[in-house]
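Here the structure is laid out as C-alpha cells; the discussion comes afterwards.
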2 protein chains.
Amino acid sequence: MDVLRAIKLLKEEGYKYTDKRKHMLQLFADEKRYLSAREVQEFLKTNFPGLSFDTIYRNLSIFVDLGILEETELDGEKKFRYTCPSGKHHHHLICLKCGKTKEIDACPMEKVTTDLSEFQITGHKFEIYGYCSQCTA
Amino acid sequence: MDVLRAIKLLKEEGYKYTDKRKHMLQLFADEKRYLSAREVQEFLKTNFPGLSFDTIYRNLSIFVDLGILEETELDGEKKFRYTCPSGKHHHHLICLKCGKTKEIDACPMEKVTTDLSEFQITGHKFEIYGYCSQCTA
DNA sequence: ACAATAAATAGTAATAATTACGATTTATAT
DNA sequence: ATATAAATCGTAATTATTACTATTTATTGT
C-alpha cells in the first residue's frame with residue numbers, strides 16, 4: 001500500500017480527497033508504525049491547529065475499511081498503522097512504547113490442533129509485545 | 001484454582017476476606033467465562049445494591065495480581081475470568097457475545113522462527129474469536 | 001467478648017478515549 | 001461558476017476506568 005494507491009481507493013469509493021486526509025495518509029506512510037488518534041492530532045496540529053477528533057476518528061475508520069490502515073488495540077487504546085506492503089495475512093511484534101513493529105512470518109492458526117468446531121470463528125489475534133532497541137536504550 | 005485456594009491466597013497476602021470478595025470469587029468460580037466489571041455489578045446487585053465500581057475494579061485488580069483471575073481486553077473493555085484449573089500457560093478461543101472460552105493447546109511462541117532479538121520481549125497474546133453454539137442458535 | 005486499627009467500601013467526582021451532532025465549509029461534478 | 005453532498009469544526013455526550021474522602025468493617029491482641 002502506497003499513498004497513490006490509497007488516494008485512488010478513496011476516490012474510487014466516492015470519498016473526497018481533502019487536505020486533512022492527504023496529511024493523515026502521508027503521516028502513516030512516513031511513520032510506518034502504530035499511532036493513536038492523539039498522536040495523529042499532535043503530528044498534524046502545526047498544519048491544522050483545530051483538527052477535531054471527529055475528523056480524525058472518522059477518517060481513521062474509513063482508512064481501515066478501505067484496507068489502507070491496520071488497527072489494533074494496545075492498553076485500551078486504538079492504534080493504527082499503514083498496512084504492510086507485503087499484502088498477505090501476517091502478525092506483528094510491537095514496541096509498546098513507540099509502536100514500531102516487525103512482521104512475524106508464521107500465522108499460528110495453521111498449527112492449531114484444538115477442535116474449533118463448537119464455535120463459529122470470526123477472527124484471531126496474535127501479537128508479541130516488547131520494547132525496540134531505540135526504546136530500551 | 002478453586003475458591004478455597006483463592007481465599008487462602010487472599011489471607012496469606014494480608015487482604016481481608018469480605019462478603020463482597022466472597023461473592024465475586026464465587027461468581028467467577030460459577031461462571032467460568034470472561035465477565036466485564038459491569039457484568040459483575042449486575043450479578044451482585046441483588047445482594048449488594050450499592051456495590052461501587054471502585055470496589056469492583058480494586059478487587060478485580062487484586063485477584064489478577066494474585067493469579068486468581070486472568071484478564072484480557074475485548075473491544076476496548078477489560079474482561080476477567082477465573083484462572084483455568086490446568087495452571088499452565090495457555091491461550092483461549094473466546095465467544096465474543098458471552099465470554100465463554102475453550103482452551104487452545106499449543107502456544108504459538110514455540111513455533112515462531114522470526115528473529116525477535118531486536119526487541120526486548122515482555123509478552124504476547126494469542127486469541128481466537130467467534131461465537132459459541134448457544135450464542136449463534 | 002471488646003477495643004484498637006488498618007483496610008475496605010460507598011458515594012461521588014475526575015479522567016480519558018471515543019462517538020455523536022448541528023452549523024458551516026469545501027471538494028467535486030456539471 | 002454553481003449546485004450539492006460530503007467533510008469538518010466546535011462542542012457535547014457517552015462509556016469505561018480511576019481517584020478521593022468520609023464512613024464502615026474485618027481482623028488482631030487482650
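Proteins get letters first, then strands, A, B, ... in listed order; numbering begins at 1 in each. Just so it is clear, the structure is predicted and the values come from calculations on it, not from any experiment.
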Mind calculating the distance between [atom1] ([X]) and [atom2] ([N]) to the nearest angstrom?
| X | N | atom1 | atom2 | result |
| --- | --- | --- | --- | --- |
| A:Asp54 | C:dA20 | CG | C1' | 7 Å |
| B:Leu51 | C:dG11 | CG | C1' | 12 Å |
| B:Tyr15 | C:dA6 | OH | P | 17 Å |
| B:Phe53 | C:dT15 | CZ | P | 20 Å |
| B:Glu73 | C:dA17 | CD | P | 13 Å |
| A:Glu12 | C:dT28 | CD | C1' | 16 Å |
| B:Tyr57 | C:dA13 | OH | P | 18 Å |
| A:Glu42 | C:dA17 | CD | C1' | 14 Å |

Name the nucleic acid region contacted by [X], choosing base, sugar-phosphate or nothing; use a 4.0 angstrom heavy-atom cut-off, strictly under.
| X | answer |
| --- | --- |
| B:Ser52 | base |
| B:Arg58 | base |
| A:Arg21 | sugar-phosphate |

Can you give the first and last nucleotides of DNA chain D, 5' to 3', that have an atom under 4.0 Å from a heavy atom of chain B?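 First and last nucleotides in contact are D:dA16 to D:dT27.
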Do B:Tyr34 and B:Tyr57 sit in one hydrophobic cluster, given that two such residues count as connected whenever their side-chain heavy atoms are within less than 4.5 Å of each other, even indirectly? no
Shared hydrophobic cluster, A:Tyr82 / A:Leu44 (ILVMFWY, side-chain heavy atoms < 4.5 Å):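 Same cluster: A:Tyr82 reaches A:Leu44 through Ile, Leu, Val, Met, Phe, Trp or Tyr contacts under 4.5 Å.
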For B:Thr18 and B:Lys79, take the nucleotide of DNA chain D holding the closest heavy atom to each; which residue's nucleotide lies nearer the 5' end? B:Lys79
Given side-chain hydrogen bond (donor to acceptor under 3.5 Å, both in side chains), test B:His91 with B:His124 step by step and report yes or no. CA-CA 10 Å; B:His91 298 279; B:His124 65 279; 3.2 Å; yes
If you define the side chain from C-beta out and look only at heavy atoms, does anything of A:Ile62 sit under 4.5 Å from A:Ile68?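 Side chain of A:Ile62 against side chain of A:Ile68, heavy atoms only: no contact under 4.5 Å found.
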Verdict with supporting geometry, A:Lys78 and A:Thr72, side-chain hydrogen bond (donor to acceptor under 3.5 Å, both in side chains): CA-CA 6 Å; A:Lys78 293 188 179 184; A:Thr72 193; over 6 Å; no
Take A:Leu9 and A:Tyr15 through the side-chain contact (heavy atoms from CB on, under 4.5 Å) test and state the conclusion after the steps. CA-CA 9 Å; A:Leu9 266 174; A:Tyr15 293 105; over 6 Å; no
Are any of the side-chain nitrogens in B:Lys79 or B:Glu71 under 4.0 Å away from the carboxylate oxygens of its partner? no
